[in-house]
Amino acid sequence: MSFALADHPGLRPLPIPVPEPGLTPEALVQRAVALRPLLREQQAENEARGTYGEDLHRAFRDAGFYRITQPRLFGGYEMPLPHFYRVMMEVSRGDPAVGWCLTLGASHGFVVASHWPERAQRELFGPDGNFIAPHRAQPMGTVTRTAEGWRVNGRWNYCSGIPHATHFIGTALLREGEAAPRAVLVAVPRGGYEIVPDWGGDETLGMRASGSNSVEIRDTLVPAHFVVPFDVLFARPEGLENGTQGTRLHGNPMYLGRLMGPYHASLVAVVTGAAWAAIDEYEAVSERMKTYIDPDVLRADHHDFQRPLGEALAKADAAEAVLMGAAGRYMDLCVRWARDGTPFTVEDNLRLWTMLQQGGKLACEVVESLFHNVGAFATKRGNRLQRYFRDVQMYRTHMSAQHQAFATYAARAHLGRPTGFRGL
């Protein structure tokens, strides 16, 4: 498989019109809330399918959810990151697994806009700005220079969002001569990779509708400008005197593209949505079921069931505040860099990550506590609280959610020691 180079590489692209020039963040949130009943109605079928269907895909596309942080030059709305996470949280309140699939497919236009050269961005976003791509951050493949182009091979697991993607972004090792291999990001258009049918149904404990299939690539050729260096989630401050490809092209400091905070915020937006979904379900149960102690008293009127709900509300509010606060802090750090050149440090990156981990932990505690308190009936197949419980366990086991390990990395950075995290 080969993807040809574009004609006229020196031409400046004309802006791609956005579908709705006047679209506001408030309208995006309202659209996400309006989809909640449908998302809940389809939970079981999306779990069995392993992702959401074409009807939801069209609804997400028509609502503008895939373009929220995509640059205006290439047909996006170029909204600040906090708006993206709020919309994704609301979608996840309808179905966390679908939210995971959407969020991790829709979040990487921001990454391409930050780090790929103009020529690549023009080709990847295409003539209509239609771009959806997961990124698998582990280097599970190779890129090799050949006379015909850059040859990509590998198999990447957990590629959340791939069923509806237009592209795949994989981390790979670039091998050139006798030099040690180095990590790169390679963008591969649909048709250059195979989606492995290894997700959905009973394949995993939770997040069954997240579309986290494996991707396999065999001898696909891509142009050199589809490959960019990748150094530890772009956490090092060195070399930022002139910004990134994105800050220069789009004039927006958001596209400084430091990824430790934004990547984990995508996960925390989903589990925070799961926390609110669990609260909705627990409250609905409390309004229709009686207590065990007094069968004439609604749970909603008994302190034994009011107390867990009150604690859950407090923790969900806190988790949401952490999510939005971290997203705002990311934007502030980018603006500060643009204003006076203050470095965006390794410690800044790691502390955003660890801050968000605390929000994710609080959100998981909401779901777990309500699941434990509601009664054994919730353990039955198809119960929403059981589904949300399974979903947040997938976050709990995620490498990037291991808050104790990352607390050590952040403390070492704060103390001026080597962090121990991938050579930082």
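Predicted, not measured: the structure shown is a model, and the values here were computed from it.
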I'd like to know whether the aromatic ring centres of Trp156 and Tyr193 sit less than 6.0 Å apart in this structure. no
For a 4.5 angstrom cut-off between non-hydrogen side-chain atoms, does Val87 reach Met79? no
Electrostatic pair Glu320:Arg93 at N-O distance under 4.0 angstrom: no
Side chain to side chain donor-acceptor pair (under 3.5 Å) evaluation trace for His83 with Tyr77: CA-CA 11 Å; His83 298 312; Tyr77 296 107; over 6 Å; no
Within a reach of under 6.0 Å around CZ of Arg182, are more than 12 heavy atoms found that belong to other residues, nucleotides or ligands? no
SB check Arg86 Glu90 (cutoff 4.0 Å): no
Distance from Leu356 atom CG to Met260 atom CE, nearest 0.5 Å? 12.5 Å
Quick check on Arg390: does its CZ atom have over 12 non-hydrogen neighbours (other residues, nucleotides or ligands) under 6.0 Å away? yes
Verify the neighbour count for atom CZ of Arg61: are there more than 12 heavy atoms of other residues, nucleotides or ligands below 6.0 Å? yes
Closer than 4.0 angstrom, basic N to acidic O: yes or no for Arg49 and Glu45? yes
Tell me if a side-chain donor or acceptor on Arg236 pairs with a main-chain N or O of Leu424 at a distance below 3.5 Å. no
Strictly by modelled atom types, are Thr171 and His135 linked by a side-chain donor-acceptor pair under 3.5 Å? yes
Write down the atom of Ala133, the atom of Ala165, and the distance for their closest heavy-atom approach. CA-CB, 4.3 Å
Taking NE2 in His372 as the centre, count heavy atoms belonging to other residues, nucleotides or ligands within less than 6.0 Å. Is the count above 12? yes
Of all heavy-atom pairs between Ile279 and Ala312, which one has the smallest distance, and what is that distance? CD1-O, 3.6 Å
Here the gap from Asn157 atom CG to Cys159 atom SG, rounded to the nearest 0.5 Å, amounts to 7.0 Å
Looking at every heavy atom in both Phe84 and Thr103, which two are closest together, and how far apart are they? CZ-O, 3.9 Å
In Å and rounded to the nearest 0.5 Å, what is the CD to NE2 distance from Glu78 to His250? 7.0 Å
Could you check whether the rings of Tyr330 and Phe344 sit parallel, tilted or perpendicular, using 30° and 60° as the cut-offs? tilted
Give me the ring orientation class for Phe406 and Phe421: parallel if the planes are under 30° apart, tilted from 30 to 60°, perpendicular past 60°. tilted
Whether Tyr158 and Trp199 hold their rings parallel, tilted or perpendicular, with breakpoints at 30° and 60°: perpendicular
With rounding to the nearest 0.5 Å, note down the distance linking CD in Glu241 to CD in Glu238. 9.0 Å
If I compare all heavy atoms of Thr247 with all of Asn252, which pair ends up nearest, and what's the gap? CG2-O, 3.7 Å
State the OG-CZ distance between Ser214 and Arg155, to the nearest 0.5 angstrom. 5.0 Å
SB check Arg208 Asp202 (cutoff 4.0 Å): yes
If the threshold is 4.0 Å, N to carboxylate O, is there a salt bridge linking Arg258 and Asp348? no
Less than 6.0 Å separating the ring centroids of Phe168 and His108? no
Please confirm whether His164 and Tyr52 have ring centers closer than 6.0 angstrom. yes
Less than 4.0 Å between a side-chain N and a carboxylate O, is that true for Glu194 and Arg218? yes
Donor-acceptor pair, distance only, cut-off 3.5 Å: does the side chain of Trp100 make one with the backbone of Leu267? no
Which of parallel (below 30°), tilted (30 to 60°) and perpendicular (above 60°) describes His264 and Tyr395? tilted
Among Phe110, Phe125, Phe131, the one residue meeting ring-ring contact (aromatic ring centres under 6.0 Å, His included) with Phe74: Phe125
Let me confirm one number: the CG-CG distance from Leu352 to Leu350, rounded to the nearest 0.5 Å. 9.0 Å
Do Thr345 and Glu347 have a side chain donor and acceptor closer than 3.5 Å? no
